[in-house]
Number of protein chains: 2
Amino acid sequence: MKTPTGDQALIKRMNTAIVLESVLRDAPLSRADISALTGLNKATVSSLVQDLIDSGLVREIGTGQSSGGRKPVLLEFVAESGYAVGVDLGVNYVRGVLTDLRGGVVLERTAQLPRTSPEEVFGILRPFIQALVDEAPESAFGVVGIGVGVPGLVDRGGSVLYAPNLGWRDVPLQDALSRAFGLPVLIDNEANVGAIGERQFGSGRGIGSMIYVSVGMGIGTGLILQKELYKGAAGFSGELGHLSIEANGPACRCGNRGCWELYASEQALLARAAEAGLGEGTLDSLLALAERGDARTRALFADIGESLGVGIANIVNVFNPEAVVIGNTMSRARPWLEEEMIRTTESRALNFHLRGIRLLFAELGDRSAVMGAAESAISAFFKRLRSA
Amino acid sequence: MKTPTGDQALIKRMNTAIVLESVLRDAPLSRADISALTGLNKATVSSLVQDLIDSGLVREIGTGQSSGGRKPVLLEFVAESGYAVGVDLGVNYVRGVLTDLRGGVVLERTAQLPRTSPEEVFGILRPFIQALVDEAPESAFGVVGIGVGVPGLVDRGGSVLYAPNLGWRDVPLQDALSRAFGLPVLIDNEANVGAIGERQFGSGRGIGSMIYVSVGMGIGTGLILQKELYKGAAGFSGELGHLSIEANGPACRCGNRGCWELYASEQALLARAAEAGLGEGTLDSLLALAERGDARTRALFADIGESLGVGIANIVNVFNPEAVVIGNTMSRARPWLEEEMIRTTESRALNFHLRGIRLLFAELGDRSAVMGAAESAISAFFKRLRSA
DNA sequence: TTAGTTTGTCTATCCAATAAACTAAGTTTT
DNA sequence: AAAACTTAGTTTATTGGATAGACAAACTAA
């Protein structure tokens with residue numbers, strides 16, 4: 001039985017977390033506010049706040065307005081008490097951010113990735129991350145961790161089991177990075193960190209259950225269920241891109257037939273554009289064509305929108321989420337996709353499940369993943385705080 | 001902020017729950033065993049166990065073996081300290097059980113349901129349940145609750161929003177029953193309670209993430225994720241029967257096209273049997289034919305197995321569960337379905353997701369739902385104990 | 001017998017939360 | 001401006017759990 005048993009330390013940790021959370025959410029606020037908000041006794045709040053001030057996570061920022069009594073001392077979270085690094089490892093680029101503990105971006109860098117072998121990538125990644133770490137200002141906690149999103153399957157130990165577009169198999173990335181930097185490292189799938197990013201900083205703020213659909217060359221998905229990222233039994237789930245929507249459709253490289261991503265991804269778009277002789281084989285050229293009003297291109301985007309809708313209807317029926325967020329490169333085609341996507345979803349999903357659902361596009365654009373990677377490092381830091 | 005704050009009462013509730021759980025799981029065992037198992041101090045365990053004995057949930061049952069010291073006093077859970085009623089409301093039947101708090105069946109009843117209007121069903125259900133309640137032996141907690149599984153969509157308030165096969169819309173069943181009996185009542189979808197039943201008492205014992213697929217006239221599903229029944233934002237999720245597996249397939253009554261249940265349900269089987277002139281239009285007749293070795297019938301079952309496999313592959317890719325459990329009437333056709341179902345699933349699902357997965361059939365047969373209904377009443381009782 | 005072992009209880013102590021009293025620092029009323 | 005009131009935050013004594021360690025009880029083995 002590894003269930004943690006209850007003792008006083010647990011209570012203190014819980015209540016400290018509650019206090020910190022209310023500072024994070026509602027700052028600036030006073031000790032009295034926290035007491036009223038949380039139901040904790042004023043004395044308890046005072047004591048816990050003092051601990052947080054001592055540790056450097058919270059500070060007093062002067063007094064607020066009074067309505068006939070002593071003025072409250074306002075508190076705020078010290079976002080600069082620590083920093084996190086987020087990395088989005090793409091197929092031909094690396095993007096990195098250095099953020100404070102509230103997710104405020106201090107620094108952002110991008111680099112090309114001309115070769116993708118694990119060794120070569122690591123050779124680029126290491127100085128790339130080191131530069132971000134080095135730029136972090138002095139702070140109470142320093143750099144609290146590194147989060148990395150990768151385009152592939154990642155196991156619970158942070159090994160990249162399979163990343164077809166990088167040509168990786170069984171690359172122990174977490175091991176390598178945490179050894180190199182001596183910092184906590186979290187590796188996760190690009191769609192999973194994208195989901196975290198959009199939920200924390202983007203269109204999914206405050207939403208409890210949300211499915212993030214990363215539509216790039218393939219389709220990946222991140223599932224936020226009951227406010228938590230859902231991972232399957234083995235740590236990888238949500239391969240909704242390989243949900244078959246045509247049982248007898250064309251074979252997919254995954255072994256299944258008629259996978260959703262064969263119909264609704266950027267790759268699908270480009271393949272069909274090539275067949276029809278549209279554009280120059282890039283998303284950009286097609287977007288430009290659509291912008292100029294080319295009817296065939298617009299019809300093609302509408303088709304992709306419809307295919308997206310077919311899959312989204314499935315998602316809605318399966319998960320009954322509060323929101324579905326479309327991200328990654330294809331979200332740039334929103335104007336030409338959205339209408340048909342929504343129409344198809346609404347005509348296909350169960351009525352009861354459509355009530356109150358929101359079909360959104362990523363707010364963070366191509367930064368969903370990198371921000372989510374940073375956020376996962378931040379939240380891991382808070383989790384460590386809570387349990388120690 | 002409604003987060004419950006931590007105080008000593010919380011500690012005690014937590015630790016009491018931990019102790020009770022270890023008694024439930026590992027009885028018979030001694031106080032010393034519990035202390036070793038849970039990490040709680042011997043004194044703490046003694047005190048909590050005494051409380052549980054006083055409340056009637058635990059009792060001493062004599063001494064055990066010693067290996068050179070004082071003999072341990074063995075404890076066990078008093079299953080007969082309370083009783084629960086489980087009801088499986090079908091389209092033309094009602095099945096009910098009275099169980100003790102461990103889920104041991106004390107009494108089981110079935111009745112026909114000739115008419116399905118809410119009033120008529122309630123007229124039958126009320127005395128049916130009353131009889132079960134009346135038969136419960138005297139006990140410390142009495143009948144702790146009533147769980148009901150229904151073939152339809154149920155909202156969080158226990159209202160049946162939509163049950164096409166009963167012809168129900170917006171029937172406040174929980175209200176009606178809890179008013180009639182003055183007991184806690186839980187209403188849930190048949191597949192959800194079936195999932196609970198199989199997980200607690202059937203083939204899913206001890207499994208953390210499991211998808212229960214109820215294949216009857218339609219296909220319903222219950223999702224056990226991270227040891228909990230997953231319900232969507234609005235309380236209904238897991239309509240995997242209406243996952244489209246042929247985007248351009250035939251229209252389904254749900255509004256979508258090519259839904260899984262159009263290919264893999266009992267209804268699909270019977271429709272195709274009728275087309276082919278096989279059997280007398282019942283599952284029983286087809287099973288008999290297959291038993292006798294009729295090749296066309298067997299091929300038909302194999303086809304259904306393949307269609308089941310297509311959907312299961314999707315499930316596996318989406319959820320990466322530890323197990324998929326096939327239940328309800330179609331599980332009776334296991335001998336004629338299983339091979340093709342497994343073959344199709346394995347050829348279509350992602351390799352990584354197949355590792356260690358188990359494709360099982362319901363152990364409880366047609367009692368998955370009724371047992372799960374009782375279990376949901378029992379676990380609600382324990383939950384109440386824990387929070388008060 | 002005697003020594004050693006294991007179970008379970010008892011006792012003193014610790015610690016976090018709390019209520020209530022109190023101090024601090026304001027605003028409003030007269 | 002003094003008195004009365006308000007609100008913020010701290011101090012103090014109390015409460016109620018968990019705990020370590022001492023201890024008693026009950027056993028085995030030699």
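Chain naming here is simple, since letters A, B, ... match the order of the sequence lines and numbering starts at 1 in each.
- Between A:Tyr230 and A:Phe319, the ring center distance fails the sub-6.0 Å criterion.
- Taking only side-chain atoms of B:Ile11, from C-beta outward, the nucleotide of D:dG21, D:dA18, D:dT28 with the closest atom is D:dA18.
- OP1 or OP2 of C:dT18 sits under 4.0 Å from a side-chain N or O of A:Thr44.
- At a cut-off of 3.5 angstrom, counting only N and O atoms as typed in the model, there is a donor on one side and an acceptor on the other between the side-chain of A:Lys42 and the base of D:dG9.
- Along DNA chain D, the nucleotide nearest to A:Gln50 and the one nearest to B:Thr63 differ in position, and the one closer to the 5' end is contacted by A:Gln50.
- Rounded to whole angstrom, the span from the CG atom of A:Leu29 across to the P atom of D:dT7 amounts to 17 Å.
- Classification of the A:Phe382-A:Phe77 ring pair by plane angle, with boundaries at 30° and 60°, yields tilted.
- Atom CG in B:Leu37 sits roughly 16 Å away from atom C1' in C:dT7 (whole-Å rounding).
- The nearest whole Å value for the distance from the NZ atom in B:Lys12 to the P atom in C:dC15 is 21 Å.
- Atom CG in A:Leu40 sits roughly 15 Å away from atom C1' in D:dG9 (whole-Å rounding).
- What you find for B:Ala195 and B:Met210 is that their closest heavy atoms are O-CE, 3.5 Å.
- At the heavy-atom level, A:Ala32 lies under 4.0 Å from the strands shown only through sugar-phosphate atoms.
- Salt-bridge check for A:Arg205 with A:Glu363: passed, with a basic side-chain N closer than 4.0 Å to an acidic carboxylate O.
- Summarising the geometry, the separation between CG on A:Leu48 and C1' on D:dG9 is reported as 14 Å, rounded to the nearest angstrom.
- In summary, of the residues considered (A:Val45, A:Leu20, A:Thr38, A:Leu40), a side chain to side chain contact (heavy atoms under 4.5 Å, CB included) with A:Asn15 occurs for A:Leu40 alone.
- When both distances must be under 3.5 Å, the Watson-Crick or G-U wobble mate of D:dT19 is C:dA12.
- Among the atoms of the strands shown, only primed sugar atoms or phosphate atoms (P, OP1, OP2) are found under 4.0 Å from some heavy atom of B:Val73.
- Scanning atom types as modelled, no donor and acceptor separated by under 3.5 angstrom connect the side chain of B:Asn41 and the base of D:dA18.
- Look at CD on A:Gln8: it is 9 Å from P on D:dT19, rounded to the nearest Å.
- Residue B:Lys71 places its side chain closer to D:dC27 than to any other of D:dC27, C:dT18, D:dG9.
- If you take CD of B:Gln65 and P of C:dT6, they are 14 Å apart, rounded to a whole angstrom.
- Listed pair B:Asn15 / D:dG17 fails the phosphate criterion, with no side-chain N or O lying under 4.0 Å from OP1 or OP2.
- Spacing between atom CZ of A:Arg31 and atom C1' of C:dA24 amounts to 13 Å, rounded to whole angstrom units.
- Counting only N and O atoms by type, the side chains of B:Ser139 and B:Glu80 include no donor and acceptor under 3.5 Å apart.
- Contact annotation: side chain of B:Arg70 to base of C:dT7, donor-acceptor pair present below 3.5 Å.
- Note on B:Ser30: only backbone sugar-phosphate atoms sit closer than 4.0 angstrom, heavy atoms only; bases stay farther off.
- Heavy-atom distances to DNA chain C give each of A:Gly68 and A:Ala9 a nearest nucleotide, and the one nearer the 5′ end belongs to A:Ala9.
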